[in-house]
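Working notes, beginning with the structure itself.
What you see is a predicted model, and the numbers here were worked out from it, not measured in a lab.
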Amino acid sequence: MLFNKSIFSAAGVIVAAVVFQAPHASADALKSSFDFRIVEQDADGNEVLAERASVAPGETIQYIITHENTTEDNLSGLVVSGPIPDGVTFVMDQHHSSLPATFEIEAELDEDLPGLEWSTLPAMRKVVDANGSERLEPVPAEAIEAVRWVLDSPLPGGGASENSYRVIVN
């Protein structure tokens, strides 16, 4: 089964959720883009990122989120987030930020608390066995619903950040 490009690019609309604070910052102070490429190997076995209109189960997609500060002021408090769409699984240890940032995943970590929680990696979740005993286990990649980077310092005026992460098509 092939998946059309529009299925995966539609998820990018959600990615533009960024929080920033700057004196005199306006809504157009941050120019954002979301893109993706299919991870392939060339004839020499080197990894390349290809533009294609469809993907197949088992293929890897790299999402790329870029934010550009269009002002002369620093933008602080930036949080860059991206979804893990239905039909794909997050690839652990395949995330990157061009600027120093704290990386977090969103998943259900405690079944006694309603909703999803954020955690740095390695993330652990509480599991209750059939006999009622509780234990902690690593959050499986398929349980991750979103990712985010909390930038450690302001995005300088005129500067840009690039964040990327990978998923495998189920």
Distance-minimising heavy-atom pair for S81 and I65: O-CD1, 3.9 Å
For L49, the rest of its hydrophobic cluster, which grows through side-chain links under 4.5 angstrom: V39
query: Transitive ILVMFWY cluster of W118 at side-chain heavy atoms under 4.5 Å: who else is in it?
result: none
- request: Mind checking side-chain hydrogen bond (donor to acceptor under 3.5 Å, both in side chains) for T70 and listing every partner two or more places apart, or none if nothing turns up?
  value: none
message: Please list all pairs meeting salt bridge (Lys or Arg N to Asp or Glu O under 4.0 Å) that have one or both residues in residues 145-161, counting only residues at least two apart or in different chains.
response: E104-R148
- prompt: Which of parallel (below 30°), tilted (30 to 60°) and perpendicular (above 60°) describes Y165 and W149?
  reply: tilted
message: Using side-chain heavy atoms (C-beta onward) and a distance below 4.5 Å, is I61 in contact with V55?
response: yes
- prompt: With sequence neighbours excluded, what pairs up with T120 under the side-chain hydrogen bond (donor to acceptor under 3.5 Å, both in side chains) test?
  reply: none
- prompt: Measuring from Q94:CD to R166:CZ, what's the distance to the nearest 0.5 Å?
  reply: 5.0 Å
- request: Taking all non-hydrogen atoms of both residues into account, name the closest pair between A101 and L151 and its distance.
  value: CB-CD2, 3.7 Å
Spatial distance of atom CG (L75) from atom CG (N69) [nearest 0.5 Å]: 3.5 Å
query: Which atom names give the shortest non-hydrogen contact between A29 and T71, and what distance separates them?
result: CB-CG2, 3.5 Å
query: With a 4.5 Å heavy-atom cut-off, do H95 and F90 have their side chains touching?
result: yes
- prompt: Checking side-chain contact (heavy atoms from CB on, under 4.5 Å) for the pair T60/I38: CA distance, chi angles, key distance, verdict?
  reply: CA-CA 6 Å; T60 300; I38 310 306; over 6 Å; no
task: Using the test side-chain hydrogen bond (donor to acceptor under 3.5 Å, both in side chains), find all partners of S97 that sit at least two apart in sequence or belong to another chain.
output: N163
message: Holding to side-chain contact (heavy atoms from CB on, under 4.5 Å), I want the full list of residues that pass it with T66, two or more places apart in sequence or in another chain.
response: S33, I64, E162
field: side-chain contact (heavy atoms from CB on, under 4.5 Å) partners for L136, two or more places apart
entry: M124, K126
query: Who else is in the cluster with I168 when I, L, V, M, F, W and Y are joined by side-chain contacts under 4.5 Å?
result: V91
query: Mind checking what makes side-chain hydrogen bond (donor to acceptor under 3.5 Å, both in side chains) contact with N46, not counting sequence neighbours?
result: none
message: Using 0.5 Å steps for rounding, measure from the NE2 atom of H67 to the CG atom of L78.
response: 7.0 Å
message: Among residues at least two apart in sequence or on other chains, which ones pass side-chain contact (heavy atoms from CB on, under 4.5 Å) with A107?
response: I105, L109, V139
- prompt: So do V147 and V80 actually touch side chain to side chain, heavy atoms under 4.5 Å?
  reply: no
- prompt: Quick one: side-chain contact (heavy atoms from CB on, under 4.5 Å) partners of E137, sequence neighbours excluded?
  reply: R125, V127, R135
query: Just checking, is any N or O donor in the side chain of S164 or H96 under 3.5 Å from an acceptor N or O on the other one?
result: no
field: Between R37 and Q62: side-chain donor-acceptor atoms closer than 3.5 Å
entry: no
- request: Might you point out which heavy atoms bring L99 and S161 nearest each other, and give the distance in Å?
  value: CD1-CB, 3.5 Å
task: For residues S119 and A123, report the shortest heavy-atom separation together with the two atoms involved.
output: OG-CB, 3.6 Å
- prompt: Shared ILVMFWY cluster between L116 and V79, side chains joined below 4.5 angstrom?
  reply: no
task: Could you tell me which non-hydrogen atom of A50 sits nearest to which non-hydrogen atom of E40, and how far apart they are?
output: CB-OE1, 3.3 Å
query: Within the side chain of D42, is there an N or O that forms a donor-acceptor pair under 3.5 Å with the backbone of G45?
result: yes
